[in-house]
Amino acid sequence: MKRILTIQDISCVGKCSVTAALPILSAMGVETTILPTALLSSHTAFSEFTFLDLTAYMPSITAQWQQQGITFDAIYTGYLGSVEQIAVVEDIITRFRTPETLIFVDPVMGDAGRLYSGMSSDFPQHMKRLCRCADVIVPNMTEAAHLLEIPYIEKDYDDAYIRDILHRLSAIGADMVILTGVSFAQSEVGFMGFDAAREQYFSYFHKRFPQQFHGTGDVFASTCVGGLLRGMSLEQAARLAEDFTLESIRETAQAEDARWYGVHYEAAFPYLFRRLFPGF
Ligand code: PXL
């Protein structure tokens, strides 16, 4: 069984980060080790939340793992709580990386053109440094704009513009890039990808869902890295991730208690299993 280390926060309420990554990766048959970066009462889209920074504990936890000889097939980073924490995560990657380790960085920073609440304006430049040591990065359009220090454009861009962004994102350091939330027409949204080693671009679009839900980026990233660890190509893994995220959104929209702070991925697991396990 493949083993992954995921480094992101625990938000007690609001399904995102670890509370999305752990169940999804486990369901995909990937043994998942967590390294919590912070403990929040809820994610930061709530009007108020508590925030316990765990940066100081992270080095002693990982030192213990090293002493026990624990290794990982992949390291997947998500929401990080501070600039200082990014340096700690870089150090962890350096210490645990082998030539075979897949480094998957979701540069979680913002959405709809804005950085998430509490993120400092210099955060993107530090996140860019972390992206340098990744094999795969999966920014959304907002995060891509911040990483490249270009204006965020909401619409009316074309295929050539996105290809250029993908190219510039991969020039930061990662061979494989998936850019999410790409939309060439109001009714459609999806992702475009670039595999630099093969010089291949690919894309996948579907009908836009009228509602927006929180935590979908984490569902997408977790499923995508899970697919890669199951031996899928980047394009296959990203398509599966997009489909599973959409299915989770559909389940949420249909639920009587549809919540805005996380999608009901639990109800979409049978769909994921049908895609992953023939005969399920
Ligand atoms: O889903 C991204 C995310 C993860 N973790 C925390 C967040 C957010 C987005 O707002 O606040 C704590």
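Given the structure is predicted, the values throughout are model-derived calculations rather than measurements. Counting starts at 1 for both ligands and their atoms, following the listed order.
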Ring-plane angle category for H43 and W260, please: parallel below 30°, perpendicular beyond 60°, tilted otherwise.
perpendicular

Option passing side chain to side chain contact (heavy atoms under 4.5 Å, CB included) with Q85 (candidates L54, D53, I7)
D53

Cut-off 3.5 Å, no hydrogens considered: what does the side-chain donor-acceptor table look like for residues 180-192, sequence neighbours left out?
| residue | atom | partner | partner atom | Å |
| --- | --- | --- | --- | --- |
| S183 | OG | A185 | O | 3.0 |
| S183 | OG | E188 | O | 2.7 |
| S183 | OG | R208 | NH2 | 2.8 |

In chain order, what residues pass the side chain to side chain contact (heavy atoms under 4.5 Å, CB included) check against Q125, with sequence neighbours excluded?
K128, E149

Among all residues two or more places apart in sequence or in another chain, which pass the side chain to side chain contact (heavy atoms under 4.5 Å, CB included) test with T94?
none

Under 3.5 Å, is there a donor on one side chain and an acceptor on the other for D159 and Y201?
no

For ligand 1, would you mind listing the residues that have at least one heavy atom less than 4.0 Å away, ordered by chain and number?
D9, S11, C16, S17, L40, H43, T44, Y79, V108, Y116, H214, D218

